[in-house]
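Residue numbers start at 1 and run along the sequence shown. All values below were derived from every heavy atom in this structure, side-chain atoms included, with hydrogens, water molecules and symmetry-related copies excluded. Each ligand, and each atom within it, is numbered from 1 in the order the structure gives.
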Amino acid sequence: MTQVKDQYEAYPYPERDPADERKRLIGGSPSHPLEIDHFVFAGKRDWSRPLRALVAGGGTGDGLIQLAQVMTRLNRPYDITYIDLSQAARRIAEERARVRGLSGISFVTGSLLDAADHGPFDYIDCCGVLHHLPDPQAGFDALAAALAPGGGIGLMVYAPLGRSGVYPLQQAFGALLADQAPPERLRAARAILSRLPQGHPFRTNPHLVDHEQSDAGFYDLLLHSQDRPFAIDELIATLDRAGLALSGLTQPALYDLDRLLPKGAQVPDTLDAPARMAVAEKLRGTIKTHVAYAVPQARAGQARARPRDLSLVPHLRGAAPAKLAQAVAAKGQIRMRQGSLQIHEPLAKSAAPLIAAIDGRRSLSRIAAGAGLDPVGFQAAWAPLEHVLGDWGLLLYAQGAG
Ligand SMILES: C[S@@+](CC[C@H](N)C(=O)[O-])C[C@H]1O[C@@H](n2cnc3c(N)ncnc32)[C@H](O)[C@@H]1O
């Protein structure tokens with residue numbers, strides 16, 4: 001653990017200047033309250049009750065600041081514990097919270113393996129951390145033990161294929177530079193990287209950018225001493241051993257085998273859901289991270305919002321309903337860029353008025369009534385929105401968290 005701690009003391013991650021909090025809020029997944037409600041509380045959390053949250057391995061604070069700031073803006077009560085091994089990262093996270101005037105956060109320097117000592121928690125954020133533990137399973141187990149019975153975890157772990165080229169370089173730099181101090185290691189690795197021959201998988205991988213953005217990013221990507229990616233079926237098995245079940249992935253479309261196979265292609269019955277997703281991950285080939293929500297196994301299948309409940313309130317995330325509705329009405333498709341991902345899917349023009357009716361306040365039953373549809377007709381009309389917008393993480397259900 002000390003090498004990992006030394007790294008994050010020298011290069012707190014991600015590199016952030018607290019003064020930038022005056023200019024912008026960094027948003028992302030996991031841990032936006034909309035997503036938390038959708039994946040952990042079936043879209044029906046009562047946000048007037050305080051949310052007890054843990055940000056485990058909070059680093060310089062991106063997830064922490066997003067959660068605390070959105071809750072503060074919505075005037076929702078919360079009590080957040082931040083824990084991280086690195087004092088340098090904690091100082092930056094604390095300063096970011098101070099600049100924003102955020103309260104309700106307890107900062108702890110320590111290991112997430114002791115999470116249960118600070119709990120129990122309704123929600124745990126653990127983004128980009130568990131794959132850096134010497135024994136990741138112990139980390140999953142510790143977080144599961146810190147959950148309140150109705151709670152859940154939002155997590156991100158690295159995936160192997162989108163990071164192609166990274167692991168041979170981590171191993172080479174580890175063998176060559178292990179006994180140097182972090183700044184020398186960084187200098188030497190940059191010099192070696194600049195001579196990397198054409199055709200090296202790292203040079204041909206267009207999805208990796210962290211090393212170009214900051215010293216901390218370079219170090220985290222290429223000089224980490226402890227880093228193991230998870231294929232999606234390995235992640236599901238690890239959750240299972242911790243007594244957890246996958247509630248959902250933020251972009252299930254990425255793992256949808258049918259989207260990758262020719263129409264009518266046969267998939268052997270012997271493949272269960274994790275095995276199908278694992279095949280899709282191999283065929284897609286570019287998944288860099290898995291962003292997922294997990295809940296105790298006792299709540300498997302109950303934690304994620306399902307639109308058959310017409311009292312749910314839909315939200316569009318990352319898209320303006322009127323603009324999206326207009327584009328669908330005109331072209332019968334959606335086209336969007338999300339990071340390095342180009343989303344392009346057909347969506348019937350008849351879905352446009354339903355999209356336009358999403359305002360984060362109207363329930364599905366009100367949208368159905370507005371469209372003159374009975375419940376059965378509405379489910380049929382809504383299903384394509386779920387398939388396209390829901391599967392790409394744009395459509396979430398939540399009450400009072402938007
Ligand atoms: C890649 S950074 C991620 C930071 C933050 N979660 C984010 O997504 O921006 C990993 C963080 O995990 C912390 N960390 C690693 N092992 C830990 C452990 N056992 N307990 C607590 N924090 C840990 C590191 O100090 C570092 O700040």
Side-chain angles (χ1 to χ4, degrees), residues 1-18 20-21 25-32 35 53-69 80-94 96-97 105-119 121 123-143 145-146 153-159 163 166 170 182 208 210-211 213-230 250 288-292:
M1 205 179 272
T2 47
Q3 249 192 321
V4 171
K5 179 170 160 49
D6 289 350
Q7 169 184 338
Y8 290 112
E9 292 296 358
Y11 296 106
Y13 185 91
E15 202 166 295
R16 295 286 179 243
D17 177 355
D20 291 340
E21 296 312 312
L25 175 67
I26 293 177
S29 297
S31 296
H32 189 288
E35 264 183 17
L54 173 71
V55 181
T60 53
D62 281 5
L64 168 78
I65 296 295
Q66 169 178 248
L67 181 57
Q69 183 65 69
I80 305 179
T81 301
Y82 158 107
I83 190 163
D84 200 289
L85 292 177
S86 161
Q87 296 193 30
R90 167 188 169 160
R91 279 193 293 274
I92 294 167
E94 272 184 307
R96 291 175 74 183
I105 306 170
S106 311
F107 288 90
V108 178
T109 299
S111 171
L112 63 79
L113 296 176
D114 302 324
D117 297 347
H118 306 278
F121 298 102
Y123 178 66
I124 298 177
D125 163 279
C126 193
C127 179
V129 183
L130 291 162
H131 45 241
H132 293 318
L133 266 53
D135 176 5
Q137 185 70 55
F140 282 86
D141 295 350
L143 297 185
I153 303 177
L155 60 99
M156 181 278 269
V157 292
Y158 291 151
R163 289 167 63 80
V166 166
Q170 281 187 5
L208 301 168
D210 247 20
H211 60 298
Q213 292 177 341
S214 64
D215 286 351
F218 189 104
Y219 213 103
D220 209 68
L221 186 67
L222 294 173
L223 288 166
H224 218 292
S225 59
Q226 191 97 57
D227 178 336
R228 67 141 291 191
F230 288 79
T250 52
K288 275 198 304 187
T289 62
H290 305 298
V291 185

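Taking distance alone, with nitrogen or oxygen atoms compared against 3.5 Å, L112 approaches ligand 1 more closely than that limit. Some N or O of C127 is nearer than 3.5 Å to an N or O of ligand 1, by distance alone. Between G128 and ligand 1, no pair of N/O atoms sits closer than 3.5 Å.
No part of T60 comes within 4.0 Å of ligand 1, judged by heavy-atom distances. Contacts with ligand 1 closer than 4.0 Å are made by no heavy atom of V55, backbone or side chain.
The distance from ligand 1 to the heavy atoms of L133 drops below 4.0 Å at these ligand atoms: 16 (N), 19 (N). Set against the non-hydrogen atoms of G110, the atoms of ligand 1 under 4.0 Å away are 20 (N), 21 (C). Each of the atoms 1 (C) of ligand 1 lies under 4.0 Å from some heavy atom of D220. Of all atoms in ligand 1, listed by their number and element, those nearer than 4.0 Å to a heavy atom of P14 are 9 (O). Interface of Y13 with ligand 1, defined as ligand atoms under 4.0 Å from a residue heavy atom, comprises 1 (C), 2 (S), 4 (C). Atoms of ligand 1 found under 4.0 Å from any heavy atom of G59, numbered from 1 in the order shown, are 4 (C), 27 (O).
Ring geometry for Y8 against Y13 counts as perpendicular: the plane angle is over 60°, on a 0 to 90° scale with 30° as the lower cut.
Checked against salt bridge (Lys or Arg N to Asp or Glu O under 4.0 Å), R91 has no partners two or more places apart in sequence or in another chain.
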